[in-house]
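These numbers come from the heavy atoms of this one structure, side chains and all, not from hydrogens, waters or symmetry mates. Here the structure is a predicted model, which means the values were calculated and not measured. Labels below follow one simple rule: chain letters A, B, ... track the order of the sequence lines, proteins then strands, and each chain is numbered from 1.
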Protein chains: 2
Amino acid sequence: MKRTRTTVIDIARAAGVSKSTVSLVLQGSPLVNEATRARVSAVIRDLGYVYNRSAANLRQAKSAIVGIVVNDLTNSFFAELAVGMDMVVQSAGYVQFLANTGESIDRQREVIASMREHGIAGLILSPARGTQVSDLKPLVESGIPVVLVVRNLPGARVSSLLSDNYAGTSQAVEHLIGLGYKRIAFMGGYADTAVFEERVRGYRDALAKAGLHSGGEFVFNSAPSRAGGVAAVEKMLLHAERPTAAVCFNDAVAFGVCDGLRSARMEPGVDFGIVGFDDVIEAKTAVPALTTVSVDPQGMGQRAAQLLLKQINSEKVEPETQTLSVRLVVRESCGIKKHVQDREEYA
Amino acid sequence: MKRTRTTVIDIARAAGVSKSTVSLVLQGSPLVNEATRARVSAVIRDLGYVYNRSAANLRQAKSAIVGIVVNDLTNSFFAELAVGMDMVVQSAGYVQFLANTGESIDRQREVIASMREHGIAGLILSPARGTQVSDLKPLVESGIPVVLVVRNLPGARVSSLLSDNYAGTSQAVEHLIGLGYKRIAFMGGYADTAVFEERVRGYRDALAKAGLHSGGEFVFNSAPSRAGGVAAVEKMLLHAERPTAAVCFNDAVAFGVCDGLRSARMEPGVDFGIVGFDDVIEAKTAVPALTTVSVDPQGMGQRAAQLLLKQINSEKVEPETQTLSVRLVVRESCGIKKHVQDREEYA
DNA sequence: TGACAAATTTGGAACGTTCCAATTAACTGT
DNA sequence: ACAGTTAATTGGAACGTTCCAAATTTGTCA
């Protein structure tokens with residue numbers, strides 16, 4: 001039961017050296033004699049000393065904290081993403097503030113401000129819907145490196161790490177076309193995000209390239225969630241000329257679409273082809289196993305963290321945007337089980 | 001582009017007051033005159049001042065950081081748990097270190113040490129498997145409140161928030177018995193954890209109360225994961241007197257059991273009754289929808305955070321353990337569709 | 001051995017805040 | 001207008017570390 005915490009001075013006194021020497025030992029400086037280092041280290045252990053980082057980085061204005069802000073941690077895509085970041089951040093000796101905004105811009109603002117006060121060395125942000133470039137302004141102006149993931153923020157002079165959305169949905173559409181599907185919808189997502197725009201563009205261009213009509217009437221907006229998928233299906237079913245397959249904004253939507261189909265007595269993967277996006281962990285084991293565009297969230301998280309750390313350690317912060325390539329994982333939700341053509345007839 | 005960051009002294013100079021007054025304004029003290037407060041606040045805004053918490057809690061040894069350490073963030077149960085904590089922590093004006101141990105004790109130790117150096121005000125821990133009471137020793141001795149969640153650590157003098165595992169599996173068994181099942185297994189989980197012990201005890205006692213045999217031969221250990229569930233089924237199928245239903249260690253195992261049954265050409269919910277534990281988000285929408293013991297992870301996270309904050313704000317840290325009640329959510333995986341008795345005949 | 005270089009150690013000043021005690025300003029009521 | 005309050009304000013001295021320049025010890029070589 002200590003009245004006051006043990007400090008570097010206590011160590012110094014106990015080891016018979018000056019506090020400067022103790023400090024040197026603490027940061028593993030090569031300047032200190034092996035014998036004294038050993039002695040001091042022993043005392044440090046014995047007294048149960050705990051280093052005070054607040055004091056340290058008050059002096060040296062350099063913290064070992066990175067901020068990570070994601071928009072929806074309950075979505076397993078983002079959870080995996082966070083885990084990937086966590087891995088490299090921790091093994092680099094940093095510690096992370098991880099906050100969830102739940103798509104709330106206000107919360108995002110608060111959280112970033114708070115992190116700034118705590119002196120983060122850098123920030124990885126998966127921005128909430130509606131984030132403005134100006135929200136990052138003060139941060140980048142004060143020279144704190146920022147890495148955007150998953151969602152881009154055109155115009156912000158920061159690094160970003162995005163998946164190749166365009167290629168992803170293109171491949172998905174091509175796959176469906178190859179299977180014989182002709183009326184292919186795009187389901188889920190809100191129209192005002194960059195990610196949505198890219199994915200829809202990939203979808204449209206692939207349709208156009210195949211000479212299929214690509215009017216706007218086949219994209220059904222909805223929340224990018226399971227519930228959103230259900231809603232999208234309902235809208236879809238009211239449509240005069242029903243689509244027979246869909247590429248979905250993400251896996252959550254795709255699962256919702258399955259739910260919605262089932263309650264309309266349709267069998268996903270048999271009566272209707274479905275492609276997701278993200279390849280979340282459940283995609284493999286769901287029934288039917290989801291054909292989806294795989295983006296390896298954990299790997300993406302790692303890459304993002306590495307990028308951030310690189311920027312933290314280099315003097316000049318040079319914005320840099322990387323695109324993560326993506327691949328289609330074919331499973332069962334598009335009906336690999338033949339006679340797709342047949343179904344297309346009476347669909 | 002500031003050479004040096006703007007400090008409370010810059011503000012003071014610009015507003016024509018002393019740094020003490022600025023400090024008072026910063027912490028919203030009622031001692032300062034309304035007019036000066038306004039003036040100072042304006043200057044603060046204009047100069048783009050950012051508060052330096054490191055400096056502050058160097059002086060006052062009181063941080064607004066809580067540490068949250070969970071053992072598996074990729075499991076959506078824990079992700080939801082973290083989100084629940086995040087909510088109350090953030091709205092209380094705290095910020096959180098959130099770290100994932102991935103069941104690694106070493107990583108857990110590192111992470112806790114690091115958090116301690118950063119001066120956390122309290123810690124919420126969902127301990128990794130094999131955590132020792134001694135791992136928390138230094139923390140509690142230095143007077144930092146700790147709240148354990150999900151998994152207990154008998155002997156540690158810290159608060160904890162657990163779900164009522166015993167009642168959960170008891171209810172599950174009673175439900176199955178009520179449906180006519182007689183040979184009921186317990187599947188998944190490792191025997192050396194407190195949670196497992198409680199759940200199995202609930203299972204055994206409920207069987208005994210119903211006068212059914214409750215030998216050890218019907219519990220099948222495995223990893224508490226989807227893969228573990230598959231493994232458990234395989235063991236189960238080799239068993240001479242096959243069970244006809246199972247209560248599973250958690251939902252992940254339950255899903256694995258479904259997978260395993262299917263590859264043995266059995267239909268989960270029809271040929272075999274299954275109850276899960278946790279009620280993860282997918283339980284509702286899986287096929288068949290999983291009957292499971294619901295524990296509301298998000299609510300649990302909130303409760304845990306509230307408990308921790310209470311302890312942080314009270315002088316005396318009085319360990320307190322709360323048990324979260326639990327309820328059985330009946331869905332389709334036990335075959336609500338009658339004639340259970342019949343099946344039991346030839347099973 | 002003396003001189004010089006290298007290796008090691010060391011006091012103080014700083015970092016940006018809060019606290020304390022003390023000072024000054026602004027009100028009271030008579 | 002004056003003493004007595006009360007309201008506002010304010011200089012230092014902390015907090016625990018790191019940095020710097022300077023001091024001390026040790027080693028080397030002629």
Side chains of Phe77(A) and Val70(A) in contact at under 4.5 Å (non-hydrogen atoms): no
Scan Ser23(A) against the nucleic acid and name what it touches under 4.0 Å (heavy atoms): base, sugar-phosphate only, or nothing. base
Between dC19(C) atom P and Lys62(B) atom NZ, what is the distance in whole Å? 11 Å
Can you tell whether the side chains of Asp192(A) and Arg129(A) come within less than 4.0 Å, N to carboxylate O? yes
Do Arg107(A) and Asp86(B) have side-chain heavy atoms sitting under 4.5 Å apart? yes
Close side-chain approach of Gln322(A) to Arg303(A), heavy-atom, < 4.5 Å: yes
Roughly how many Å is it from CZ in Arg13(B) to C1' in dG11(D), rounded to a whole number? 15 Å
Between Tyr51(A) and Ser18(B), who's closer to the 5' end of DNA chain D by nearest nucleotide? Ser18(B)
Heavy-atom side-chain proximity of Ile124(A) to Val69(A) below 4.5 angstrom: no
Taking the side chain as every heavy atom from C-beta outward, state whether Leu148(A) and Leu136(A) have any pair of such atoms under 4.5 Å apart. yes
How long is the line joining CG of Asn57(A) and P of dT17(D), in whole Å? 12 Å
Does Leu24(A) reach a base, just sugar-phosphate, or nothing at all? Heavy atoms under 4.0 Å. base
Is there a side-chain contact between Gln108(A) and Glu103(A), using heavy atoms and a 4.5 Å cut-off? no
Under 3.5 Å, is there an N or O donor on one side and an acceptor on the other linking the side chain of Ser20(A) and the base of dG11(C)? yes
Rounded off to whole Å, could you give me the CG-to-C1' distance for the Leu31(B) and dT6(D) pair? 11 Å
Does Glu141(A) pair with Arg5(B) as a salt bridge, N-O distance under 4.0 Å? no
Closest contact, heavy atoms only, Ser163(B) versus Thr323(B): C-CG2, 4.1 Å
What one should report as the nearest heavy-atom pair of Asn52(B) and Ser54(B) is OD1-N, 2.9 Å
Polar pairs (N or O, both sides) under 3.5 Å between protein and nucleotides 23-27 of chain D?
none

Does dT17(D) have OP1 or OP2 sitting under 4.0 Å from an N or O in the side chain of Gln27(A)? no
If I compare all heavy atoms of Ser159(A) with all of Leu307(A), which pair ends up nearest, and what's the gap? CB-CD2, 4.1 Å
To the nearest Å, how far apart are Asn33(B) CG and dC27(C) C1'? 13 Å
Have a look at the helix from dT1(C)-dA30(D) to dT30(C)-dA1(D) and give the angle its two end axes make, five pairs each, rounded to 10 degrees. 30°
Per nearest nucleotide of DNA chain D, the residue lying toward the 5' end, Val32(B) or Ala56(B), is Val32(B)
Could you check whether Thr36(A) gets within reach of a base, just the sugar-phosphate, or nothing at all, counting any heavy atom under 4.0 Å? sugar-phosphate
Rounded to whole Å, how long is the line connecting atom CD1 of Ile11(B) with atom P of dT18(C)? 12 Å
What are the atom names and distances for every N/O pair under 3.5 Å that joins the protein to nucleotides 13-15 of chain C?
{"residue": "dA14(C)", "atom": "N3", "partner": "Arg59(A)", "partner atom": "NH1", "Å": "3.2"}

Looking just at side-chain N and O atoms, do Ser126(B) and Asn71(B) make a donor-acceptor pair shorter than 3.5 Å? yes
